[in-house]
Amino acid sequence: MNKNRLFNLKRPHQFFGLGFGTGLAPKAPGTFGTFAALPFIFITMHYPIWLQIVFAVVISVFGIWACGKTADDLGVHDHPAIVWDEVAGYYITMIGAALNWQTLLVGFLLFRFFDIAKPGPIRMLDKRVHGGFGIMADDVLAGIFSLICLQALIKAGLLPF
């Protein structure tokens with residue numbers, strides 16, 4: 001069976017679960033999926049931090065449903081094309097950061113590092129928690145780790161605020 005037949009961006013959960021189609025990139029779908037967070041970051045950059053946090057919670061909870069249902073469609077837990085978790089993780093990374101090319105780049109690199117390397121508790125979540133919650137949980141935690149590191153770099157004066 002051609003596995004591309006399983007992908008159907010006309011189905012709303014797959015449209016979002018596959019990061020508006022960015023997860024279908026033939027190489028590094030997680031990296032391309034991370035870029036799908038940029039519109040949300042730019043749209044909400046001037047919102048108060050509390051509202052950015054609420055938005056992060058909303059897209060993360062929504063992702064539990066979208067990623068879980070997409071994984072069920074594909075018959076694979078956390079298929080590489082499922083990238084809404086990367087969208088949420090990078091969005092979380094950028095909460096409260098002034099947006100310029102330096103913070104966007106460093107935030108992106110930090111998030112991709114934590115998402116790929118999966119140190120400590122991130123790896124534990126990735127291995128032990130399943131379903132839509134499991135798909136989302138490790139990337140949300142990677143986003144939180146990245147947020148802490150990015151804010152520390154900003155507070156230390158190593159990045160513009």
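One-based numbering along the sequence shown. These numbers were taken from a predicted model, which means no experiment stands behind them.
Here the CG atom belonging to Leu141 is positioned 12.5 Å from the CZ atom belonging to Arg123, to the nearest 0.5 angstrom. Interatomic distance, CG of Leu150 versus CD1 of Ile95, reported as 11.0 Å (0.5 Å rounding). Here the CG-OG1 distance, from Leu109 to Thr34, works out to 10.5 Å after rounding to the nearest 0.5 Å. Rounded to the nearest 0.5 Å, atoms CH2 (Trp65) and OG1 (Thr70) are 7.5 Å apart. Here CG of Leu147 is found 11.0 Å from OH of Tyr91. Values are rounded to the nearest 0.5 Å. Distance check, rounded to the nearest 0.5 Å: CG of Leu51 to NE2 of His46 gives 13.5 Å.
Under the 4.5 Å side-chain heavy-atom criterion for Ile, Leu, Val, Met, Phe, Trp and Tyr, Ile41 and Val58 are members of distinct hydrophobic clusters. Tracing side-chain contacts under 4.5 Å through hydrophobic residues (I, L, V, M, F, W, Y), one reaches Leu153 starting from Met45; they form part of the same cluster. Put simply, Val140 and Ile53 are part of the same group of oily side chains (I, L, V, M, F, W, Y) that touch within less than 4.5 Å, one to the next. Tracing side-chain contacts under 4.5 Å through hydrophobic residues (I, L, V, M, F, W, Y), one reaches Phe113 starting from Leu158; they form part of the same cluster. By the criterion of side-chain heavy atoms lying less than 4.5 angstrom apart, applied directly or through intervening Ile, Leu, Val, Met, Phe, Trp or Tyr residues, Leu38 is not grouped with Ile43; the two fall into different hydrophobic clusters.
Although no hydrogens or angles enter the test, the distance criterion places a donor-acceptor pair under 3.5 Å between the side chain of Thr103 and the main chain of Ala98. The backbone N or O of Tyr47 sits less than 3.5 Å from a side-chain atom of Gln52, completing a donor-acceptor pair. Under a 3.5 Å cut-off, the side chain of Glu86 and the backbone N or O of Gly23 do not form any donor-acceptor pair.
Taking 4.0 Å as the cut-off between side-chain N and carboxylate O, Asp115 and Arg112 count as a salt-bridged pair.
The ring of Trp84 has its center closer than 6.0 angstrom to the ring center of Phe20. Checked against a 6.0 Å centroid threshold, the rings of Phe145 and Phe114 count as neighbours. The aromatic ring centres of Phe35 and Phe108 sit less than 6.0 Å apart.
Closest heavy-atom contact between Tyr90 and Leu104: OH-O, 2.8 Å. Summarising the geometry of Gly68 relative to Ile135, their closest heavy-atom pair is N-CD1, 4.5 Å, with the distance given to 0.1 Å. Residues Leu99 and Phe42 approach most closely at CD1-CD2, 3.8 Å, considering heavy atoms. When all heavy atoms are compared, the tightest approach of Leu24 to Leu18 is CD2-CD1, 4.2 Å. For Asp85 against Cys67, the heavy-atom pair with the smallest separation is N-SG, 4.1 Å. When all heavy atoms are compared, the tightest approach of Ser60 to Ala88 is OG-CB, 3.8 Å.
Around the CZ atom of Phe133, the shell of radius 6.0 Å holds no more than 12 heavy atoms that belong to other residues, nucleotides or ligands. For Phe32, the CZ atom sits in a loose shell: 12 or fewer heavy atoms of surrounding residues, nucleotides or ligands are nearer than 6.0 Å.
Ring geometry for His130 against His77 counts as perpendicular: the plane angle is over 60°, on a 0 to 90° scale with 30° as the lower cut.
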Inset, instruction - Step by step, work out the side chain to side chain contact (heavy atoms under 4.5 Å, CB included) result for Asp78 and Asp126. - result: CA-CA 10 Å; Asp78 208 357; Asp126 185 52; 4.2 Å; yes
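In this structure Arg11 satisfies the salt bridge (charged side-chain N to carboxylate O under 4.0 Å, His left out) test together with Asp73, sequence neighbours excluded. Listed by chain and residue number, Asn100, Gln102 satisfy the side-chain contact (heavy atoms from CB on, under 4.5 Å) test with Pro160 (two or more places apart in sequence, or in another chain).
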